[in-house]
S.K.: 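Dropping the structure in here first, questions after.
Count residues from 1 along the sequence.
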Amino acid sequence: MKVVIVGGVAGGASAAARLRRLDEGAEIVIFERTGFVSYANCGLPYFIGGVIQDRSELLLKTPESFWSRFHITVKVSTEVLSVNRAAKTVTVKNLITGEEWAEPYDKLILSPGAKAVLPPLPGIDSDRIFTLRTVEDTFRIHDFIAANQPKSAVVIGGGFIGLEMAENLSDKGLAVTILELQSQLMTTFDSDMASFIHNRLRQAGIALRLNTGAAGFEDRDGKIVTLLKDNTGIAADMVIMAAGVAPDSSLAVNAGLKTGIRGSICVDDHMRTSDEDIYAVGDAVQVKHFVTGADALISLAGPANKQGRIAADNICGIDSTYSGSLGSSVIKIFDMTAASTGLTERAARAAGLDCESVVLGPMSHAVYYPGAKALTMKVVFERGTLRILGAQIIGAEGADKRLDVIATAIQAEMKADRLKNLDLAYAPPYSSAKDPVNMAGFIIENISKGLMKQYHAEDVDSLPRDGSVTLLDTRTVEEYGRSHADGYINIPLDELRERLSEMDKTKPVYVMCHSGLRSYIACRILSENGYDSYNFSGGYRFYESVCNEKLANDNLYPCGMEK
């Protein structure tokens with residue numbers, strides 16, 4: 001059996017190695033049009049920033065190492081131009097010599113990946129504008145910085161590559177501006193959670209221009225000017241285009257294979273295309289979202305690696321299926337970690353799901369052990385069924401760990417309230433006896449059993465300030481004095497039982513504290529004494545982050561925040 005693989009990196013290289021482990025006699029050939037077959041794609045921004053200093057550290061495998069370990073033939077700088085399905089051949093071109101030939105196959109795996117989106121804007125071909133998808137792109141940016149010592153950069157796009165490049169360029173001393181066409185960065189987060197990301201970037205000196213698109217580019221006086229749609233411009237020494245990626249599916253399209261959203265390659269759960277002898281994996285394929293079952297494009301290394309393995313299994317006669325993607329991801333933003341999985345609340349509502357969310361602010365480990373830092377967790381679940389739909393966690397240490405636990409719970413189809421039962425590792429330097437994931441389960445159980453009612457950040461402004469409801473802040477006098485929401489009276493939790501008479505029992509009470517814990521205890525006290533009470537989801541720390549984001553955008557104090 002001869003298997004030809006188009007493209008290396010995550011999907012193609014994983015498929016090749018798995019094929020060899022399953023079939024020692026198969027002939028396996030990889031064609032890769034770049035000069036590098038298997039590299040740390042996600043590490044590229046960190047080489048530019050100097051975190052990774054040795055170029056060779058980016059290269060996971062070379063043609064030589066593929067051959068010496070696996071006896072797999074790898075031809076780099078070699079592009080597959082077309083697929084002849086009837087003859088079962090691919091037309092191949094050596095990009096260095098220009099030689100072309102027809103390569104036969106028994107099975108074909110397409111792993112072409114995705115290509116950077118380059119909008120057809122005036123001046124887009126400037127040599128001061130860069131994209132980052134390949135090792136060659138990385139070296140080009142690195143060498144430009146070394147030769148020109150730029151002082152400023154504009155990054156267009158607020159996704160993973162955009163933020164990682166912004167951080168690494170900032171760490172090299174460049175003044176960085178991020179342009180994002182949408183109202184927030186990182187759409188894998190809800191806007192309330194994204195406020196923490198925005199605030200951290202601004203603290204690091206990075207300028208954010210949201211709801212702002214580029215209209216074109218001009219080279220002027222040794223600078224590249226990014227022209228904006230409001231007829232202004234931003235002059236900088238370089239521009240990073242990180243406006244997203246699109247499936248690189250031209251081979252499949254021209255071969256007449258079935259395609260899906262945005263021209264992606266359609267595959268079944270065995271990673272087989274509409275041609276039974278052709279498989280496809282990685283960023284170019286359409287997958288099913290694990291939560292909704294809807295068609296999706298999810299460009300991440302983890303799914304690509306798994307898909308390559310599954311394609312190889314099926315080619316070798318092992319029945320292996322891909323159950324869909326959750327889109328679990330994590331990103332470092334200076335000293336902040338931001339992780340997400342599944343659906344945001346926004347996406348869940350758009351999918352027609354009747355969902356609810358809880359926001360909590362636990363500490364990363366036991367408070368009494370030095371170095372504990374706050375996490376902000378948002379768990380989205382379906383009302384009634386309590387099916388977990390997604391989660392977002394922002395903080396420092398431990399954010400990725402908790403996110404992975406919840407991603408596992410989603411794939412295990414665990415109900416949200418059952419998170420309370422998970423037996424998770426505990427020692428003071430790492431967690432608390434009640435892990436943050438357990439805490440999320442406790443909160444959801446309380447809501448599902450009617451022991452707690454809640455309200456959210458978007459509800460605060462609409463609460464009446466005419467005396468028809470009681471707005472209660474249960475933090476200490478000192479905390480309340482530093483900053484509080486407009487209209488909230490202050491009765492510290494530890495004084496609440498003695499001061500219940502200060503509140504009218506006929507009026508609903510909306511309670512807030514720093515993280516949501518003291519206000520929950522207050523709600524239980526109030527409920528047991530006949531009050532109709534509502535706990536603020538996330539606490540004042542969360543509310544303040546959302547308000548600070550509005551302040552940055554509107555240049556005024558919103559949400560009635562008083563300081």
Side-chain angles (χ1 to χ4, degrees), residues 158-160 182 184-197 287-300 302-303 306 322-331 336-362 375-395 398-420 422 435-445 447-448 454 456-458 516 537-538 542 545-546:
F160 291 98
Q182 301 190 59
Q184 70 168 83
L185 308 176
M186 294 299 294
T187 55
T188 52
F189 293 83
D190 283 311
S191 59
D192 49 12
M193 295 293 286
S195 68
F196 288 91
I197 297 173
V287 297
K288 296 294 184 184
H289 195 286
F290 184 86
V291 175
T292 64
D295 294 331
L297 288 175
I298 297 179
S299 299
L300 294 168
K306 297 178 187 71
Y322 189 67
S323 59
S325 292
L326 272 176
S328 301
S329 61
V330 63
I331 184 171
M336 172 184 284
T337 298
S340 66
T341 189
L343 300 178
T344 61
E345 188 172 15
R346 177 184 61 251
R349 296 192 190 285
L353 296 170
D354 182 18
C355 67
E356 178 61 289
S357 67
V358 295
V359 179
L360 57 157
L375 298 171
T376 302
M377 299 176 58
K378 183 174 187 177
V379 180
V380 184
F381 61 97
E382 188 173 36
R383 288 191 180 96
T385 68
L386 297 186
R387 180 169 61 125
I388 309 172
L389 303 177
Q392 302 151 58
I393 306 179
I394 291 177
D400 54 339
K401 166 185 171 180
R402 276 60 184 230
L403 192 282
D404 284 342
V405 171
I406 296 176
T408 303
I410 294 174
Q411 290 206 267
E413 300 182 351
M414 182 181 294
K415 298 293 181 65
D417 61 338
R418 308 315 290 173
L419 294 174
K420 69 186 177 74
L422 290 176
D435 188 88
V437 174
N438 297 139
M439 293 300 298
F442 294 145
I443 295 170
I444 293 168
E445 180 188 47
I447 292 171
S448 68
Q454 61 176 354
H456 300 280
E458 63 268 23
S537 181
F542 179 71
S545 179
V546 173

S.K.: Does the pair Leu403 and Val330 meet the rule for a side chain to side chain contact (heavy atoms under 4.5 Å, CB included), with working shown?
M.R.: CA-CA 9 Å; Leu403 192 282; Val330 63; over 6 Å; no
S.K.: Would you check if the side chain of Ser195 reaches a backbone N or O of Asp192 as a donor-acceptor pair within less than 3.5 Å?
M.R.: yes
S.K.: To the nearest 0.5 angstrom, please state how far the CG atom of Leu360 sits from the NZ atom of Lys378.
M.R.: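 The distance works out to 12.0 Å.
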S.K.: Is the backbone of Met193 close enough, under 3.5 Å, to the side chain of Gln184 for a donor and an acceptor to pair up by distance?
M.R.: no
S.K.: Side chain to side chain contact (heavy atoms under 4.5 Å, CB included) between Met377 and Val359: does it pass, once the steps are laid out?
M.R.: CA-CA 5 Å; Met377 299 176 58; Val359 179; over 6 Å; no
S.K.: Go through Val379 and Ile406 one step at a time and tell me if the side chain to side chain contact (heavy atoms under 4.5 Å, CB included) criterion holds.
M.R.: CA-CA 9 Å; Val379 180; Ile406 296 176; 4.0 Å; yes
S.K.: On a heavy-atom basis, which atom in Met186 and which in Gly159 lie closest, and how many Å separate them?
M.R.: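 The answer is SD-C, 3.7 Å.
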S.K.: Is Ser328 reaching over with its side chain to a backbone N or O of Thr341, donor-acceptor style, under 3.5 angstrom?
M.R.: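 Answer holds: no.
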S.K.: Give a yes or no answer on whether the side chain of Gln454 reaches the backbone of His456 with a donor-acceptor pair at less than 3.5 Å.
M.R.: no
S.K.: What's the separation between atom CG in Leu386 and atom CD in Glu356, rounded to the nearest 0.5 Å?
M.R.: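 Going from CG on Leu386 over to CD on Glu356, the span is 11.0 Å.
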S.K.: Minimum heavy-atom separation for Leu375 to Gly395, with atom names?
M.R.: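 In this case the closest contact between Leu375 and Gly395 is CD2-CA, 4.0 Å.
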S.K.: Hey, what do you get for CD1 (Ile444) to OG (Ser357), rounding to the nearest 0.5 Å?
M.R.: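 Going from the CD1 atom of Ile444 to the OG atom of Ser357 covers 9.5 Å.
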S.K.: Which of these passes side-chain contact (heavy atoms from CB on, under 4.5 Å) with Ile443: Leu419, Val358, Asn438?
M.R.: Val358
S.K.: What's the shortest heavy-atom distance between Ile388 and Ala416, and which atoms?
M.R.: CG1-CA, 3.5 Å
S.K.: Only one of Thr188, Thr292, Ile410 passes side-chain contact (heavy atoms from CB on, under 4.5 Å) with Leu343; say which it is.
M.R.: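 Result for side-chain contact (heavy atoms from CB on, under 4.5 Å) with Leu343: Thr292.
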S.K.: Please round to the nearest 0.5 Å and tell me the distance separating atom CD of Gln392 and atom OG1 of Thr344.
M.R.: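 Between Gln392 CD and Thr344 OG1, I get 6.0 Å after rounding to 0.5 Å.
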S.K.: Is it true that a side-chain atom of Asp190 and a backbone atom of Arg346 form a donor plus acceptor pair closer than 3.5 Å?
M.R.: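 Such a contact is found between Asp190 side chain and Arg346 backbone.
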S.K.: For a side chain to side chain contact (heavy atoms under 4.5 Å, CB included) check, start with the C-alpha distance between Arg387 and Val291, then their side-chain angles and the critical distance, and finish with the verdict.
M.R.: CA-CA 9 Å; Arg387 180 169 61 125; Val291 175; 3.8 Å; yes
S.K.: Which heavy atom of Ala194 sits nearest a heavy atom of Phe189, and at what distance?
M.R.: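 Shortest heavy-atom separation between Ala194 and Phe189 comes out as N-CB, 4.3 Å.
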S.K.: Below 4.5 Å, heavy atoms only, C-beta onward: do Leu422 and Asp435 meet side chain to side chain?
M.R.: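 No, side chains not in contact.
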S.K.: Please indicate whether Lys420 has more than 12 foreign heavy atoms, meaning atoms of other residues, nucleotides or ligands, lying under 6.0 Å from its NZ.
M.R.: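 Yes, enclosed.
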S.K.: Within the distance-only criterion (no hydrogens, no angle test), does the side chain of Arg418 pair as donor or acceptor with the backbone N or O of Ala409 below 3.5 angstrom?
M.R.: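 Flag not set: sc Arg418 to bb Ala409 has no pair under 3.5 Å.
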S.K.: About how many Å separate CD1 of Ile298 and CG of Leu326, when rounded to the nearest 0.5 Å?
M.R.: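 One finds 7.5 Å between CG of Leu326 and CD1 of Ile298.
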S.K.: Ignoring hydrogens, what is the shortest heavy-atom contact between Gly293 and Lys288? Give both atom names and the distance.
M.R.: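 Taking every non-hydrogen atom into account, O-CD, 3.3 Å.
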S.K.: Taking all heavy atoms of Phe290 and all of Ser323, pick out the closest pair and write down the distance.
M.R.: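 That closest heavy-atom pairing would be CD1-O, 3.5 Å.
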S.K.: Working to the nearest 0.5 Å, report the span between CE of Met336 and CD1 of Ile331.
M.R.: 11.0 Å
S.K.: Any side-chain heavy-atom pair from Val287 and Pro303 closer than 4.5 angstrom?
M.R.: no
